[in-house]
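For reference, the structure discussed in these notes is given below.
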Number of protein chains: 2
Amino acid sequence: MSPLVKIRSERDRMSAVERRVGDFILENAQLLRDYSSQQLANALGISQSSVVKFTQKLGYKGYPDLKYSVGEAIARADNGDAPEAAPAAGGPGESPAENLWRRKSEAEEATRLINPPKAIRAVARAIDQAGRDGKVFIIGLGEDDIYARNFALRLSLLGILTVHDFDTARMTANASAAGAGDVLLVFSEHGNHPALCKISRYFRERRGKLISVTRHTPNPLRTLADLALVVSAHDELPYIQPLLYQSALQHLLDGVFVLLCEGHDSRGATLLANLERIQLMLEP
Amino acid sequence: MSPLVKIRSERDRMSAVERRVGDFILENAQLLRDYSSQQLANALGISQSSVVKFTQKLGYKGYPDLKYSVGEAIARADNGDAPEAAPAAGGPGESPAENLWRRKSEAEEATRLINPPKAIRAVARAIDQAGRDGKVFIIGLGEDDIYARNFALRLSLLGILTVHDFDTARMTANASAAGAGDVLLVFSEHGNHPALCKISRYFRERRGKLISVTRHTPNPLRTLADLALVVSAHDELPYIQPLLYQSALQHLLDGVFVLLCEGHDSRGATLLANLERIQLMLEP
DNA sequence: AGTACAAAGAATAAATTATTGACGCTGCCT
DNA sequence: AGGCAGCGTCAATAATTTATTCTTTGTACT
């Protein structure tokens, strides 16, 4: 039980000196942090031993024990978010860094909301499957290439064969090698690049599984896809929005990645081995 | 600032004994309540004075001060209401997604802690300057290439001329074209790739400004650099740690990027124009 | 090799905390 | 009224805990 509540409840049964101690703590709980039992006694003009006895009567082992509990109580009272609650929605005192962080969190949460765990698991399963009996194709253009490249690297570290392209010509060529059991991951923020759509359609004709990663808008690519991951990220500032998009997308992909890792021990082992090998190569 | 986060953020820089103390506290924070500094020392088989020094290095007045802060942190963590129902951080009731999100936040916060705003501003200024009267060279190998590439793209969108390489040969060649007023951004998680160090040294000889982006460890690259950005991210799971690293690093770079954008209206205009042009190109 | 420096521990000083015993007060019983 | 039991307070002091100093050890850098 909170020491503050305890003090209040016992207050009536206390002696005069004890009551003074109790009242002081109730009113100056936050000061207690820097008070020794002696200082507290001085502040009240009483003896140090009275302070200690007070704490013991309340059931604590001694003064430091009570002090610790009061600290907990205070921390619990201002429910942790004091630093966050104050500069809440775009307050003026908010630093740019904190603001950015908050916006990112919002985007990530929004994105998490529109991608049910079921969908994410389905994507992970599909990729896992393709990693066993097939290939994983990945494509993204422009900025999307960055995300595609990133994810492709992660997958190869897991021992999943990935074919990563960043132009439509090559991917068109590669796609002709695709068949059932393969997966194509298309990264396209707006989901309406004609060439990508064309490739996607072609890929589906060859009975491959299509996974799209786009904004949460109605768009042709997403419509084509067997499985669709969608991202939500908005900001009025043109230089902020891409950051949010990336963050939310990254978080989404990380979720898939973790599922892949946790699915099978063998994957984890492969990853570890690969990481070590790379480490060695980079630090001779 | 939560002592637990602080410990995590400093972990890289700690000596072996200090790290043991830190890890013990991170793992047994709730036990600390009943431990004196001597008992803690015994539990770890080290001297009591080492424990005290540990607390002081972290910026606390002494052991009791740290202990009090840890108490607060724990109290804040289990949000006051459900004392036992919701077990502390990392409990089994927590979904993987939420857990990952929390770990990321911690890494980002720790990273923010160890990079003072002043340092970030200095980096932004240096890049901005180079964007006007010079060139910005960027290099990263392996996974670091992803981050380097990402940032390079962002810079070019801002109208800053960037030379991005992902192998040492090319960069070596390019570096010979460097001079005063130029900036080299080196991405290297562990900061001890010999070739990168060599290039960096060479670049500095040519009077260019060197900016390193590494883990928060003492490492050669960071030592060489005029300006150093550092990242803190840890997890016992080998497949989680890279995600945290990336997240924290990304957040750091985003901070720089935002500063660059906000510094001058002209940059914002360039960005806008570029985004539009790209948009058109991708969606004819 | 030699020096400089940092880190850890042992010893010890300082501080804080807990206990003891003395003193005084109040209330109550004879 | 006198005396005594019980409680509360405090000063003194014992015990514990914490902080500092100093020495040793190991390590990195000439």
Side-chain angles (χ1 to χ4, degrees), chain A residues 3 7 10-25 28-29 31-72 283, chain B residues 3 7 10-25 28 31-72 190-192 194 197-198 201 216-224:
Chain A
I7 290 173
E10 294 286 335
R11 209 188 98 98
D12 289 333
R13 266 171 286 204
M14 291 178 182
S15 72
V17 168
E18 285 170 343
R19 192 150 32 219
R20 280 172 62 204
V21 178
D23 289 347
F24 183 92
I25 293 177
N28 307 67
L31 291 189
L32 215 63
R33 169 166 203 152
D34 306 304
Y35 273 42
S36 68
S37 62
Q38 182 67 68
Q39 286 174 297
L40 176 52
N42 291 343
L44 292 167
I46 62 175
S47 75
Q48 180 257 348
S49 58
S50 294
V51 173
V52 174
K53 287 186 99 181
F54 171 86
T55 66
Q56 292 173 330
K57 255 193 188 170
L58 276 170
Y60 295 95
K61 258 174 53 184
Y63 177 75
D65 193 20
L66 168 71
K67 186 161 151 179
Y68 189 96
S69 291
V70 170
E72 285 180 321
E283 298 170 26
Chain B
I7 290 172
E10 294 290 336
R11 210 188 100 97
D12 281 329
R13 284 221 267 206
M14 292 179 183
S15 68
V17 168
E18 285 169 342
R19 189 146 40 221
R20 279 173 61 207
V21 178
D23 289 347
F24 183 92
I25 293 177
N28 308 69
L31 291 189
L32 215 62
R33 171 170 200 146
D34 307 304
Y35 273 44
S36 68
S37 63
Q38 180 68 254
Q39 285 173 299
L40 176 53
N42 291 343
L44 292 167
I46 62 175
S47 74
Q48 179 257 344
S49 57
S50 293
V51 173
V52 173
K53 285 195 189 126
F54 172 86
T55 65
Q56 292 172 332
K57 256 195 190 171
L58 277 171
Y60 295 93
K61 260 174 51 185
Y63 177 76
D65 193 19
L66 168 72
K67 185 161 152 180
Y68 190 96
S69 291
V70 170
E72 286 180 320
H190 299 99
N192 49 11
C197 288
K198 206 174 276 181
R201 248 189 299 269
H216 184 217
T217 48
N219 63 66
L221 209 57
R222 181 183 173 183
T223 313
L224 276 172

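In what follows, chains carry the letters A, B, and so on, assigned in the order in which the sequence lines appear, proteins first and then strands, with residues in each chain numbered from 1. Hydrogens, waters and symmetry mates are skipped; everything else that's a heavy atom, side chains included, is used.
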Closest non-hydrogen atom pair, Ser50(B) against Val17(B): CB-CG1, 4.3 Å

Using whole Å, report how far [atom1] of [X] lies from [atom2] of [N].
| X | N | atom1 | atom2 | result |
| --- | --- | --- | --- | --- |
| Asn42(A) | dT17(C) | CG | P | 12 Å |
| Leu44(A) | dT9(D) | CG | P | 12 Å |
| Phe54(B) | dA8(C) | CZ | P | 11 Å |
| Asp65(A) | dT16(C) | CG | P | 19 Å |
| Gln38(B) | dG9(C) | CD | C1' | 12 Å |
| Tyr68(B) | dT16(C) | OH | C1' | 17 Å |
| Gln39(B) | dT18(D) | CD | C1' | 13 Å |
| Arg20(A) | dG8(D) | CZ | C1' | 14 Å |

side-chain N/O Ser47(A) vs dA11(D) OP1/OP2, d < 4.0 Å: no

Side-chain N,O (Ser37(B)) to OP1/OP2 (dT17(D)) below 4.0 Å: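 It does not, given that no N or O in the side chain of Ser37(B) lies less than 4.0 Å from OP1 or OP2 of dT17(D).
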
Sidechain N-carboxylate O distance under 4.0 Å for Asp65(A), Arg33(B):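 Looking at Asp65(A) and Arg33(B), the cut-off is met.
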
Using the side-chain heavy atoms of [X], tell me which of these nucleotides is nearest: [options].
| X | options | answer |
| --- | --- | --- |
| Val17(A) | dT9(D), dA7(C), dT17(C) | dT9(D) |
| Ser15(A) | dT16(C), dA8(C), dT9(D) | dT9(D) |
| Tyr63(A) | dA8(C), dT18(D), dT17(C) | dT17(C) |
| Ile46(B) | dG9(C), dT17(C), dA19(D) | dG9(C) |
| Val52(B) | dT18(D), dA7(C), dT19(C) | dT18(D) |

Check: Arg13(B) side chain, His216(B) main-chain N or O, donor-acceptor pair, under 3.5 Å: no

Any donor-acceptor N/O pair under 3.5 Å between dA18(C) base and Gln48(A) side chain: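 Pair found.
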
Pair of N/O donor and acceptor under 3.5 Å linking dG9(C) base with Lys53(B) side chain: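 Per atom types, the contact qualifies.
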
Close side-chain approach of Leu32(A) to Tyr63(A), heavy-atom, < 4.5 Å: yes

Side chain proximity check, Asn28(B) to Tyr35(B), heavy atoms < 4.5 angstrom: no

Using a heavy-atom cut-off of 4.0 Å across all strands, would you classify [X] as base, sugar-phosphate, or nothing?
| X | value |
| --- | --- |
| Lys67(A) | nothing |
| Gln56(A) | sugar-phosphate |
| Ser49(B) | base |

